[in-house]
There are 2 protein chains.
Amino acid sequence: MAERSQYEELARQISAVGAVKRSLSRILPAECPSGSAAVLSLIGRHGEMRMGRLAELLAVDMSVTSRHVAHVVERGWLERSPDPEDRRSRILRLTPAGRDLLDDLGRRTTDMFAHYLGDWSDEDVGQLNAMLARLRESVGDCRAHATRTPV
Amino acid sequence: MAERSQYEELARQISAVGAVKRSLSRILPAECPSGSAAVLSLIGRHGEMRMGRLAELLAVDMSVTSRHVAHVVERGWLERSPDPEDRRSRILRLTPAGRDLLDDLGRRTTDMFAHYLGDWSDEDVGQLNAMLARLRESVGDCRAHATRTPV
DNA sequence: TATTGTTATACTCTATAACTATA
DNA sequence: TATAGTTATAGAGTATAACAATA
């Protein structure tokens, strides 16, 4: 159990990560906002999947996922095939164009981090990744427990 | 220098921190969105300051800062006094009501993290805080170097 | 009846650009 | 002329609720 001031500092740090996130989104190619990049990256990393699974990995509502996916599909980077095992579902799969774009995105991300994180060791980055994964697992999105307190 | 796949994972992790951020914003009281909470928290932590300094700490444009501050001032949680040394500037200072609210916010944040991060040691949280601070310092918001690449 | 996914709507956060006031 | 801050506008991300189709 950590001290109170540590928790308050953590809240500020989490809030400030937004600046880094926005830096990442600024290096993206046109037509590819960060929501689209996240969709492509996760499907590239985990392979084809259904909407529900993607929504989990993105940690956003399925309605949001649906919008991001529609954007990516419209641009020919992703295909939505019907799932033969459950016709309510659709399987998401990268197209060749999507794979090309994903390579490009990886290059841009790598270039940026290599530039700004040049003095970070492989272990440093790995450790930060591990702690962020742990944080996400510990907190999750808590939507089930959420109750916005009235005044 | 880290491996390419580490950087791509870092990009996904940073993107996913949004879920934790939204969990934090769900526990806020009415009338106090996360932008307002960030303003109050930073002024509580660093003491009175001017708009420009706050914009730096928030890592957002001053126009955004101005809007957040206006919201907080309208609700009586912050006062904007003219700066006697430079009449273009205004000094931001918590009101008693703002201090009360800030106490409340700290309680909510602490309760939430104590609940979800119960198995994190003080060192764990401190280490994550340190790494996030380092990340932010390394990357910053990079706005000066940003050029959104055309197709 | 419950679940998968889509769409309509509304809210928050953000940046850019134009503007005011002061240095 | 340059700087501190405000306001108008537009774009991206998100959640809730209502809806369609299928299990």
Side-chain angles (χ1 to χ4, degrees), chain A residues 14-26 28 30-39 49-56 58-74 78 80-92 141-144 146-148, chain B residues 14-26 28 30-39 49-56 58-74 78 80-92 141-144 146-148:
Chain A
I14 288 172
S15 167
V17 168
V20 179
K21 204 170 166 183
R22 290 194 297 281
S23 294
L24 271 170
S25 75
R26 276 188 212 101
L28 296 176
E31 302 274 286
C32 185
S34 63
S36 301
V39 166
M49 65 183 76
R50 308 197 302 177
M51 293 290 305
R53 166 87 171 126
L54 179 59
E56 261 180 44
L58 286 170
V60 298
D61 191 87
M62 184 132 63
S63 65
V64 178
T65 306
S66 182
R67 253 186 51 162
H68 288 329
V69 166
H71 180 93
V72 174
V73 168
E74 279 164 21
L78 201 65
R80 257 184 307 202
S81 325
D83 181 345
E85 295 186 359
D86 181 341
R87 277 156 46 212
R88 292 172 303 183
S89 289
R90 313 171 79 169
I91 307 274
L92 307 173
D141 73 350
C142 306
R143 244 187 297 163
T147 45
R148 184 166 244 270
Chain B
I14 288 171
S15 167
V17 168
V20 179
K21 205 171 167 182
R22 291 193 297 281
S23 293
L24 270 169
S25 77
R26 276 190 212 98
L28 297 176
E31 303 272 286
C32 184
S34 63
S36 301
V39 165
M49 63 183 75
R50 309 197 302 176
M51 291 292 305
R53 166 87 172 127
L54 179 58
E56 261 179 45
L58 287 170
V60 297
D61 192 86
M62 184 133 65
S63 65
V64 177
T65 306
S66 183
R67 252 187 51 162
H68 289 326
V69 166
H71 180 94
V72 175
V73 169
E74 279 163 23
L78 203 64
R80 259 185 306 206
S81 326
D83 180 345
E85 295 187 358
D86 182 342
R87 274 156 49 213
R88 294 172 302 181
S89 289
R90 312 170 78 168
I91 307 274
L92 307 173
D141 73 350
C142 304
R143 243 186 298 164
T147 47
R148 183 168 246 268

Query raised in the report: Side-chain N or O of B/Arg22 less than 4.0 angstrom from OP1 or OP2 on D/dA15?
Result: yes
Requested in this report: Examine distances only and state if a side-chain atom of B/His68 and a backbone atom of B/Ser34 form a donor-acceptor pair shorter than 3.5 Å.
Outcome: no
Query raised in the report: Does the side-chain contact (heavy atoms from CB on, under 4.5 Å) test come out yes or no for B/Val64 and B/Leu58, once each step is laid out?
Result: CA-CA 10 Å; B/Val64 177; B/Leu58 287 170; over 6 Å; no
Query - d(NZ, B/Lys21; P, C/dT12) in whole Å - result: 15 Å
Query raised in the report: Rounded to the nearest Å, what distance is computed from the CG atom of residue A/Leu24 to the P atom of nucleotide C/dT14?
Result: 16 Å
**Report entry** A/Met51 vs A/Val69 side-chain heavy atoms within contact, under 4.5 Å
**Finding:** yes
Query raised in the report: Within the structure, does a side-chain N or O atom of B/His68 lie under 4.0 Å from either OP1 or OP2 of C/dT14?
Result: yes
Report task. Starting at the 5' end of nucleotides 2-8 of chain D, put B wherever the base has a protein heavy atom under 4.0 Å, S where only the sugar-phosphate does, and a dash everywhere else. Result -> -BSBBB-
Query - Nearest-Å distance for atom pair CG/C1', residues A/Asp83 and D/dA21 - result: 14 Å
Query raised in the report: How would you list, by chain and number, every residue that makes a side-chain contact (heavy atoms from CB on, under 4.5 Å) with B/Ser89, sequence neighbours excluded?
Result: B/Arg50, B/Asp83, B/Asp86
Query - side chain to side chain donor-acceptor pair (under 3.5 Å) partners for B/Ser81, two or more places apart - result: B/Arg93
Report task. Could you check how far CG of A/Leu58 sits from P of D/dA12, rounded to whole Å? Result -> 17 Å
Query raised in the report: Under 3.5 Å, side chain of B/Ser25 to main-chain N/O of B/Arg22, donor-acceptor pair present?
Result: yes
Query raised in the report: Within this structure, what is the CG-to-P distance between A/Leu54 and C/dG5, rounded to whole angstrom?
Result: 10 Å
